[in-house]
Enquirer: 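Below: one structure in structure tokens.
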Amino acid sequence: MTRVKRSVHARKKRCEVLEMTRGFRGEANSNYRRAKEALLKADAYRYRDRRNRKRDFRRLWITRINAAARINDLSYSQFMHGLQLAGVELDRKILADIAVRDADTFRRYADKAREALAAAA
């Protein structure tokens, strides 16, 4: 069998890892072994936090909707149930944006929800 010399590919691999860890603190951006470990951790955190970001934003939207709904004398659950009964199909992201930027429009949605709740009861 022919002999395989690996130095070119090995150096390329190490350089890629060090390039990806630019900006890391301490030896994690200059020492290959530390950089490889830091990159594995960073990838794990990145994967995990892409999911956590969705969770965090949903919590933020619900908090904003709840605050605006309580100003209009409804709880979050009553407001959302009323919208569902009224046939309003807006997601939480849009409702939270309306709650923050346009209180008058949100009040109209709250009135629709209240009317639908009263009609269902």
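FYI, side chains are in, hydrogens and waters are out, and symmetry mates aren't considered; it's all heavy atoms of this structure.
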Enquirer: Step by step, would you call L95 with F79 a side-chain contact (heavy atoms from CB on, under 4.5 Å)?
Expert: CA-CA 11 Å; L95 285 171; F79 176 72; 4.2 Å; yes
Enquirer: Counting N and O atoms only, with roles assigned by atom type, does the side chain of R51 sit under 3.5 Å from a partner on the main chain of Y47, one being a donor and the other an acceptor?
Expert: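 Confirmed, R51 side chain pairs with Y47 backbone.
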Enquirer: Checking R70 against N66: is there a side-chain donor and acceptor pair closer than 3.5 Å?
Expert: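 Indeed, the side chains of N66 and R70 share at least one donor-acceptor pair under 3.5 Å.
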Enquirer: If you measure from the Lys or Arg side-chain nitrogens to the Asp or Glu carboxylate oxygens, is any gap between R53 and D56 under 4.0 Å?
Expert: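 Looking at R53 and D56, the cut-off is not met.
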Enquirer: Between R108 and D104, does any NZ, NE, NH1 or NH2 come within less than 4.0 Å of an OD or OE carboxylate oxygen?
Expert: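 A salt bridge is present here (some side-chain N lies under 4.0 Å from a carboxylate O).
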Enquirer: Could you tell me whether the side chain of N31 and the main chain of R33 form a donor-acceptor pair under 3.5 Å?
Expert: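 Answer holds: yes.
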Enquirer: Check the surroundings of atom CZ in R25: do more than 12 heavy atoms from other residues, nucleotides or ligands lie under 6.0 Å from it?
Expert: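 It does not: R25 CZ has 12 such atoms or fewer within range.
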Enquirer: Would you kindly confirm whether F106 and V100 end up in one hydrophobic cluster when ILVMFWY residues are joined by side chain heavy atoms under 4.5 Å apart?
Expert: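 No, F106 does not connect to V100 through the hydrophobic network.
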Enquirer: So, taking the atom named CD in E27 and the one named OG in S30, what distance separates them when rounded to the nearest 0.5 Å?
Expert: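 One gets 5.5 Å once the value is rounded to the nearest 0.5 Å.
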Enquirer: Between CG of N52 and CZ of F57, what distance do you get to the nearest 0.5 Å?
Expert: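 Taking CG in N52 and CZ in F57, the distance rounds to 12.5 Å.
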Enquirer: Give the minimum heavy-atom separation between A28 and A38, together with the two atoms involved.
Expert: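 Nearest heavy atoms, A28 then A38: CB-CB, 3.8 Å.
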Enquirer: Working note: R14 + K36, criterion side-chain contact (heavy atoms from CB on, under 4.5 Å); need CA distance, chi angles, decisive distance, verdict.
Expert: CA-CA 9 Å; R14 287 193 295 267; K36 193 169 80 167; over 6 Å; no
Enquirer: Please tell me whether Y109 and L74 are part of a single hydrophobic cluster in this structure, the criterion being side-chain heavy atoms less than 4.5 Å apart.
Expert: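 Yes, Y109 connects to L74 through the hydrophobic network.
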Enquirer: When rounded to the nearest 0.5 angstrom, what distance separates CG in D49 from CZ in R55?
Expert: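 With rounding to 0.5 Å, CG (D49) is 9.5 Å from CZ (R55).
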Enquirer: Roughly how far, to the nearest 0.5 Å, is the CE atom of M20 from the SG atom of C15?
Expert: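 C15 SG to M20 CE: 11.0 Å, rounded to 0.5 Å.
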Enquirer: Do side-chain atoms of S75 reach the backbone of Q78 as a donor and acceptor pair under 3.5 angstrom?
Expert: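 Yes: the side chain of S75 pairs with the backbone of Q78.
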Enquirer: I need the I98 CD1 to I65 CD1 distance, nearest 0.5 Å.
Expert: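 CD1 of I65 is found 9.0 Å from CD1 of I98.
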Enquirer: So, for K93 and W61, which heavy atoms are closest and what is the spacing to 0.1 Å?
Expert: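 Residues K93 and W61, closest heavy atoms: CG-CZ2, 3.5 Å.
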Enquirer: Do K54 side-chain atoms and R50 backbone N/O form a donor-acceptor pair below 3.5 Å?
Expert: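 Confirmed, K54 side chain pairs with R50 backbone.
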Enquirer: Compare all side-chain heavy atoms of D97 with those of I94 and state whether any distance is below 4.5 angstrom.
Expert: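 When only atoms from C-beta onward are counted, I94 and D97 do not touch, as no gap falls below 4.5 Å.
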Enquirer: Taking all heavy atoms of L18 and all of N29, pick out the closest pair and write down the distance.
Expert: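 Heavy atoms of L18 and N29 come nearest at CD2-O, 3.8 Å.
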Enquirer: Could you walk me through whether Y76 and R64 pass the side-chain hydrogen bond (donor to acceptor under 3.5 Å, both in side chains) check?
Expert: CA-CA 10 Å; Y76 170 79; R64 287 178 175 175; over 6 Å; no
Enquirer: Do Y32 and F24 land in one hydrophobic cluster if side-chain heavy atoms of ILVMFWY residues count as linked below 4.5 Å?
Expert: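 Result: no, two separate clusters.
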Enquirer: Could you give the distance from CG (L83) to CD (E89), rounded to the nearest 0.5 Å?
Expert: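 That separation rounds to 11.0 Å.
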